[in-house]
Amino acid sequence: MRTSKDENKNKTVLITGASNGFGMEFAKIFAKDGYNLILVARSTERLRKLGYFLQDEHQLEHVCIITADLTRPQAPREVYEEVKNSGLEVDILINNAGAGIHGLFAETDLDREKAIIQLNINTPVELTKLFLQDMKRRKSGKILNLASVVSFMPSPLMAIYGATKAFILSFSEALSNELKDTGITVTALCPGASNTMFFRRAGAAHTRAANGSLSEPAEVAKDGYDALMHGETRTISGLKNKLQATSANIMPDMALAANMRHLMEEEEDEQPAEENR
Ligand SMILES: NC(=O)c1ccc[n+]([C@@H]2O[C@H](COP(=O)([O-])OP(=O)(O)OC[C@H]3O[C@@H](n4cnc5c(N)ncnc54)[C@H](OP(=O)(O)O)[C@@H]3O)[C@@H](O)[C@H]2O)c1
């Protein structure tokens with residue numbers, strides 16, 4: 001249920017990965033609705049600029065910036081301690097920070113993959129564990145986890161990333177069931193390919209997926225926000241992505257994998273006409 005701006009001024013949302021993409025859009029939506037913000041990422045200056053701007057624009061009481069590299073195993077505990085020291089209570093937790101790596105698993109960098117597993121799985125799990133204890137005490141809270149349309153299918157050329165997102169969907173849906181009737185809701189947001197830094201950072205900027213029709217991050221964040229406020233267990237953002245996720249119920253996994261591989265391959269270079277002659 002959506003609450004008024006006046007009610008929200010005593011509420012706080014923590015958003016990981018708020019310096020860019022969906023996370024930044026979430027920060028804008030929550031600020032507009034009057035929530036206090038705790039913004040977490042590595043890019044301190046970007047977070048500061050965004051935080052000060054939103055605080056000024058929406059007259060927010062508290063904006064707290066936490067610089068953290070969430071691939072570090074100690075980071076979730078440190079973030080939690082910093083929030084405790086600030087005196088703020090987290091009413092809404094948005095586990096958004098995440099990253100991928102493109103390439104054949106036999107050839108990709110294992111250390112980077114271990115960091116991605118830490119960032120995409122261990123960090124949201126630990127942040128959820130820590131903040132959930134406080135939510136349970138207060139008998140209220142909302143958690144949103146960033147899954148993906150790839151949570152529903154194997155992802156060749158992004159095998160580790162796809163598997164982390166399958167974990168997040170399964171984890172979120174199980175928690176949502178466990179927390180039924182407790183006043184706490186858990187929502188998984190499943191976007192499709194979107195116009196953020198994600199593909200560039202994953203080394204996948206030249207893939208078909210990155211050059212196809214992309215969702216706009218502001219619209220994805222709005223879908224996530226609405227689902228979170230209604231306590232939905234999961235939402236797939238965008239019609240095309242809903243269809244893609246539905247196809248996972250009827251197509252064999254190997255056909256889904258072949259389709260995903262096609263999308264994750266680089267678009268073949270178009271040769272100029274003269275060179276073809
Ligand atoms: N874009 C898509 O097509 C798509 C589709 C489905 C799901 N998703 C998921 O959506 C979420 C947000 O991605 P996005 O598309 O908005 O990507 P993005 O534009 O690359 O933003 C990623 C955010 O995560 C933060 N981040 C990355 N590594 C971090 C680290 N080690 N420690 C702390 N923060 C870190 C980044 O901040 P700093 O660099 O400042 O640390 C940035 O704010 C991810 O979980 C992603 O898997 C994306």
Side-chain angles (χ1 to χ4, degrees), residues 14-28 38-51 65-76 78-79 94-102 111-127 144-153 155 158 160-169 171-172 188-205 207-221 223-224 234-238 240-241 244-245 260 263-264:
L14 184 152
I15 305 166
T16 67
S19 61
N20 239 310
F22 300 147
M24 183 188 280
E25 298 303 330
F26 276 119
K28 291 182 193 165
I38 302 173
L39 307 178
V40 185
R42 291 167 302 182
S43 315
T44 316
E45 273 321 301
R46 286 182 67 86
L47 290 180
R48 279 211 184 113
K49 242 171 122 177
L50 176 70
I65 303 302
I66 300 182
T67 306
D69 178 352
L70 298 174
T71 62
R72 291 177 57 250
Q74 311 86 323
E78 289 168 3
V79 168
I94 310 284
N95 282 311
N96 164 75
I101 179 172
H102 181 262
D111 285 339
R112 179 69 190 135
E113 280 164 338
K114 283 159 78 178
I116 286 171
I117 292 169
Q118 186 70 33
L119 176 68
N120 292 9
I121 295 182
N122 297 9
T123 290
V125 166
E126 190 165 343
L127 287 174
L144 182 94
N145 293 326
L146 256 293
S148 167
V149 79
V150 304
S151 301
F152 300 93
M153 57 201 71
S155 291
M158 277 235 182
I160 291 294
Y161 176 74
T164 66
K165 292 298 170 184
F167 177 100
I168 289 297
L169 179 61
F171 172 63
S172 305
L189 169 61
C190 304
S194 302
N195 191 12
T196 68
M197 293 296 286
F198 174 81
F199 284 103
R200 252 168 289 167
R201 286 182 160 189
T207 59
R208 292 190 177 92
N211 292 283
S213 80
L214 298 176
S215 305
E216 282 308 315
E219 286 167 23
V220 173
D223 285 347
R234 87 171 177 216
T235 188
I236 300 162
S237 181
K240 188 186 78 160
N241 303 315
Q244 198 184 350
M260 275 306 289
L263 287 172
M264 292 315 300

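Counting starts at 1 for both ligands and their atoms, in listed order.
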Would you call K165 and L146 a side-chain contact if the rule is heavy atoms closer than 4.5 Å? yes

Proximity to ligand 1 by part of R201, non-hydrogen separation under 4.0 Å: side chain

Say whether L70, considering both its backbone and side-chain N or O atoms, lies within less than 3.5 Å of an N or O atom on ligand 1. yes

Atom 14 (P) of ligand 1: the protein heavy-atom neighbour that sits closest, reported with distance to 0.1 Å: T196 OG1, 3.5 Å

Contact between T164 and I117 at the side-chain level, heavy atoms closer than 4.5 Å - yes or no? yes

Hey, does F199 come in under 3.5 Å of ligand 1, counting only N/O atoms on both sides? no

Any atoms of ligand 1 less than 4.0 Å from a non-hydrogen atom of S43? List them with their elements. 38 (P), 39 (O), 40 (O)

Nearest heavy-atom pair of A204 and A210: which atoms, and what distance? O-CB, 3.4 Å

In the protein, what heavy atom is nearest to atom 8 (N) of ligand 1, and what distance, to one decimal place, separates them? Y161 OH, 3.5 Å

Look at the side chain of K240 and the backbone N and O of G192, then say whether any donor-acceptor pair between them is shorter than 3.5 Å. no

Can you sort out which atoms of ligand 1 are near L146, meaning under 4.0 Å from one of its heavy atoms? 10 (O), 11 (C), 45 (O)

Considering only heavy atoms from C-beta outward, does the side chain of E25 approach that of T196 to under 4.5 Å? no

Nearest non-hydrogen contact to atom 6 (C) of ligand 1 from the set A209, A193, P191 belongs to P191

So is A147 in contact with ligand 1, going by heavy-atom distances below 4.0 Å? yes

Can you name the closest pair of heavy atoms from G98 and N120 and give their distance? CA-OD1, 3.3 Å

Give me the residue, atom name and distance of the protein heavy atom closest to atom 27 (C) of ligand 1. R42 NH2, 3.5 Å

Please list, in number order, the atoms of ligand 1 under 4.0 Å from a heavy atom of G21. 16 (O), 19 (O)

Beyond-backbone contact of N20 with R201, side-chain heavy atoms, under 4.5 angstrom: yes

If you compare G23, A210, A97, A115 by their heavy atoms, the one closest to atom 26 (N) of ligand 1 turns out to be A97

Please test C190 against L169 for side chain to side chain contact (heavy atoms under 4.5 Å, CB included), starting from the C-alpha separation and ending with a verdict. CA-CA 8 Å; C190 304; L169 179 61; 4.2 Å; yes

Taking C-beta and beyond as the side chain, do N95 and I168 meet within less than 4.5 Å on heavy atoms? no

Heavy atoms only, cut-off 4.0 Å: how does A68 contact ligand 1, side chain, backbone, both, or neither? backbone

Measure the distance from atom 16 (O) of ligand 1 to every protein heavy atom, then report the residue, atom name and distance (to 0.1 Å) of the closest one. F22 N, 3.0 Å

Do ligand 1 and S148 have nitrogen or oxygen atoms that lie under 3.5 Å from each other? no

Tell me the protein heavy atom at minimum distance from atom 11 (C) of ligand 1, and give that distance in Å. N96 O, 3.0 Å

Got the closest protein heavy atom to atom 43 (O) of ligand 1, with its distance? S19 OG, 2.8 Å

What protein heavy atom sits nearest atom 22 (C) of ligand 1, and how far off is it? G98 O, 4.0 Å

Would A99 count as being in polar contact with ligand 1, using the rule that some N or O on each side must be under 3.5 angstrom apart? no

Per-atom contacts of ligand 1 with T71, taking only distances under 4.0 Å to non-hydrogen atoms: 31 (N)

Do V220 and L189 come within less than 4.5 Å of each other through their side chains, counting heavy atoms only? yes

Close approach, C190 and ligand 1, non-hydrogen under 4.0 angstrom: no

For the residue pair L70 and T123, what are the closest heavy atoms and their distance? O-OG1, 2.7 Å

Note the single closest protein heavy atom to atom 3 (O) of ligand 1, along with its residue, its atom name and the distance in Å. S194 N, 2.8 Å

I'd like to know if the side chain of T16 reaches the main chain of A97, judged simply by a donor and an acceptor atom lying under 3.5 Å from each other, with no hydrogens or angles considered. yes

Around E113, counting heavy atoms of other residues, nucleotides and ligands shown, do more than 12 lie under 6.0 Å from its CD? yes

Does any part of the side chain of M158, heavy atoms only, come nearer than 4.5 Å to the side chain of M260, both counted from C-beta? no

Among R48, R42, K49, which residue meets the salt bridge (charged side-chain N to carboxylate O under 4.0 Å, His left out) test with E45? R48

Just heavy atoms, cut-off under 4.0 Å: does K165 contact ligand 1 by side chain, backbone, both, or neither? side chain

Do any nitrogen or oxygen atoms of G17 come within less than 3.5 Å of a nitrogen or oxygen of ligand 1? yes

D69: numbered ligand 1 atoms lying under 4.0 Å from its heavy atoms: 30 (C), 31 (N), 32 (N)

